[in-house]
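A note on names: the letters A, B, ... follow the listed sequences, proteins ahead of strands, and every chain is numbered from 1.
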2 protein chains.
Amino acid sequence: MTGAVEQGDRKRRGRRAAGQDTRAALLTAARALFVERGYEGATVRAIAARAGVDAAMVNHWFGGKEALFGEAVLQLPVDPAAVVERVLDGPPERIGERIVRTFLGVWDDSGGGAFAALVRSVTAHDEVARVLQEFFLHTLFARVLASLDVDQADLRATLCATQVVGVGMVRYVLRFEPLVSAEVDTVVAAVAPTLQRYLLGDISAEPG
Amino acid sequence: MTGAVEQGDRKRRGRRAAGQDTRAALLTAARALFVERGYEGATVRAIAARAGVDAAMVNHWFGGKEALFGEAVLQLPVDPAAVVERVLDGPPERIGERIVRTFLGVWDDSGGGAFAALVRSVTAHDEVARVLQEFFLHTLFARVLASLDVDQADLRATLCATQVVGVGMVRYVLRFEPLVSAEVDTVVAAVAPTLQRYLLGDISAEPG
DNA sequence: ACCCGATCTCAACGCGCGTTGAAAACCTTT
DNA sequence: AAAGGTTTTCAACGCGCGTTGAGATCGGGT
């Protein structure tokens, strides 16, 4: 019975017990580490360690780090349909406020780390900027603007992007006070009118 | 004469001719590469190659990459005094316009590469964010706001930062159209009123 | 004119990265 | 129960990184 005792915690070689979805575990670990450290900072070894498997599994299941990144990043932490619905649900004259509240609601939760990592990924990896543009402009603001029926929709969308992205940069990445500690209501009061004007107001040279 | 011909282009060992300021050459090369590729992308070998010297010179003159970075980055590519003067030179009711024009004037020149690299450096190196905050808020906007005499100056400064940084992100890093190709006047017309309000207008909850 | 220190190249070190191939352990099929 | 394919760990490779020490070369002080 006792015979030669198995070294219990020593990782045995070969196939593990069934029911362990290594692929999914790697994807989860990769998303978390990409968010924490960005593309270059999230090493294959660290991802595999967090997933509790060997680094070679990344190549076995995805073919390489690049491909794993491709699969992991494209699953954004927000549900586009829900966001659009939340933004459009209410009177048009307060849509700016709802955008700011939704934006802060999504990113404040992670303490800003998620947004910072997204920015890090954008600068390290050109493809991410394309994906973001697709999502931000075409998926989100295109629908919002379609329901508002204004001219220069594309320009208005990018202007909204400047203000929203800017708030994210200063609040989550640069961490300039007092905006980091500012209440949501304070930010809303200041920024919402800007979005309101970009979406529905006059954005051309003001007459006299 | 012909004897043993010296291999002319082969780098000779030992001390070079006098008058070659290796330290300054390294600093210049480092600034250029940090701007082009960010902190992690600017390798010691590449910096030394651009300066035309060996990589070991970085350690000899600065003690390491980190210290070289510290000296190189603190010399920003803009002259604070000139910027402040240019922004303040004119009527207060058009200060928003002057800020946007100055900002685009500084960064449009490099085709956006310099701004993108700055962002890359910020996300790769926490210290840069601190330096930027010092420069942006305390050196620039503190003086601007001091001359305007308004309440909540710190909050107003960070709000301006959100809009200005946001324009830079969308125009230079994310490259969302149509803002990338937009004329300066178009951007000014849309964004200047926002800065005008952040600096001099009402940023609290609007009365009903 | 000599020497000593400052300056510079070269070769190599150790590290961590992404990746690869072989061998071990497990599961499924027959 | 034997066979065969799938999953997994392990060991090692090649690369580029920042850094180091030895030695060659030049310049300035005496």
Side-chain angles (χ1 to χ4, degrees), chain A residues 4 6-30 33-34 36-73 120-121 124-125, chain B residues 4 6-30 33-34 36-73 120-121 124-125:
Chain A
E6 288 269 337
Q7 310 269 26
D9 53 349
R10 177 95 174 87
K11 286 265 183 68
R12 285 190 341 275
R13 217 155 164 179
R15 191 170 184 165
R16 288 156 86 198
Q20 314 229 21
D21 196 340
T22 297
R23 215 188 118 94
L26 278 174
L27 265 179
T28 301
L33 277 174
F34 283 144
E36 280 179 28
R37 311 190 197 168
Y39 179 73
E40 308 213 300
T43 68
V44 168
R45 283 173 161 86
I47 292 169
R50 177 169 297 200
V53 298
D54 190 85
M57 290 289 91
V58 168
N59 274 311
H60 187 256
W61 287 108
F62 298 93
K65 182 186 184 182
E66 190 80 8
L68 169 59
F69 179 71
E71 286 209 34
V73 131
R120 227 175 298 142
S121 298
H125 220 270
Chain B
E6 285 268 336
Q7 311 269 24
D9 54 348
R10 179 93 173 87
K11 289 264 183 68
R12 283 193 342 276
R13 219 153 165 179
R15 190 169 183 165
R16 288 156 89 198
Q20 315 227 21
D21 196 340
T22 297
R23 214 188 118 96
L26 279 173
L27 265 179
T28 301
L33 277 174
F34 283 144
E36 281 179 27
R37 313 190 197 168
Y39 180 74
E40 308 212 300
T43 67
V44 169
R45 284 172 162 85
I47 291 169
R50 178 170 298 201
V53 296
D54 191 87
M57 290 290 92
V58 169
N59 274 335
H60 186 257
W61 287 108
F62 299 93
K65 182 186 184 181
E66 190 80 8
L68 169 59
F69 179 72
E71 287 209 33
V73 129
R120 225 175 299 144
S121 297
H125 218 269

Exercise for the section: May I ask you to evaluate whether Trp61(A) reaches the phosphate of dT8(D), defined as a side-chain N or O under 4.0 Å from OP1 or OP2? Expected result: yes
Handout entry: Short side-chain N/O contact from Thr43(B) to OP1 or OP2 of dG16(D), under 4.0 Å
Key = no
Between atom [atom1] in [X] and atom [atom2] in [N], what is the gap in whole Å?
X        : N       : atom1 : atom2 : answer
Arg23(A) : dT6(D)  : CZ    : C1'   : 15 Å
Ile47(B) : dT19(D) : CD1   : C1'   : 14 Å
Met57(A) : dT20(C) : CE    : P     : 13 Å
Asp21(A) : dT6(D)  : CG    : C1'   : 14 Å
Lys65(A) : dG18(C) : NZ    : P     : 4 Å
Phe69(B) : dC17(D) : CZ    : P     : 17 Å
Asp54(A) : dC10(D) : CG    : C1'   : 7 Å
Asn59(A) : dA12(D) : CG    : P     : 19 Å

Practice task
For the side chain of Ala56(B), starting at C-beta, report the closest nucleotide among dT19(D), dC10(C), dT20(C).
Solution key: dC10(C)
Practice task
Would you kindly compare Ala55(B) and Ala46(A) by the position of their nearest DNA chain C nucleotide and give the one closer to the 5′ end?
Solution key: Ala55(B)
Problem - Distance-only donor-acceptor test, Arg45(B) side-chain atoms vs dG18(D) base atoms, 3.5 Å - result: yes
Exercise for the section: Taking the side chain as every heavy atom from C-beta outward, state whether Phe62(B) and Met57(B) have any pair of such atoms under 4.5 Å apart. Expected result: no
State the [atom1]-[atom2] distance between [X] and [Y], to the nearest 0.5 angstrom.
X        : Y        : atom1 : atom2 : value
Ile47(B) : Phe69(B) : CD1   : CZ    : 10.0 Å
Leu26(B) : Glu71(B) : CG    : CD    : 11.0 Å
Thr28(A) : Arg50(A) : OG1   : CZ    : 10.5 Å

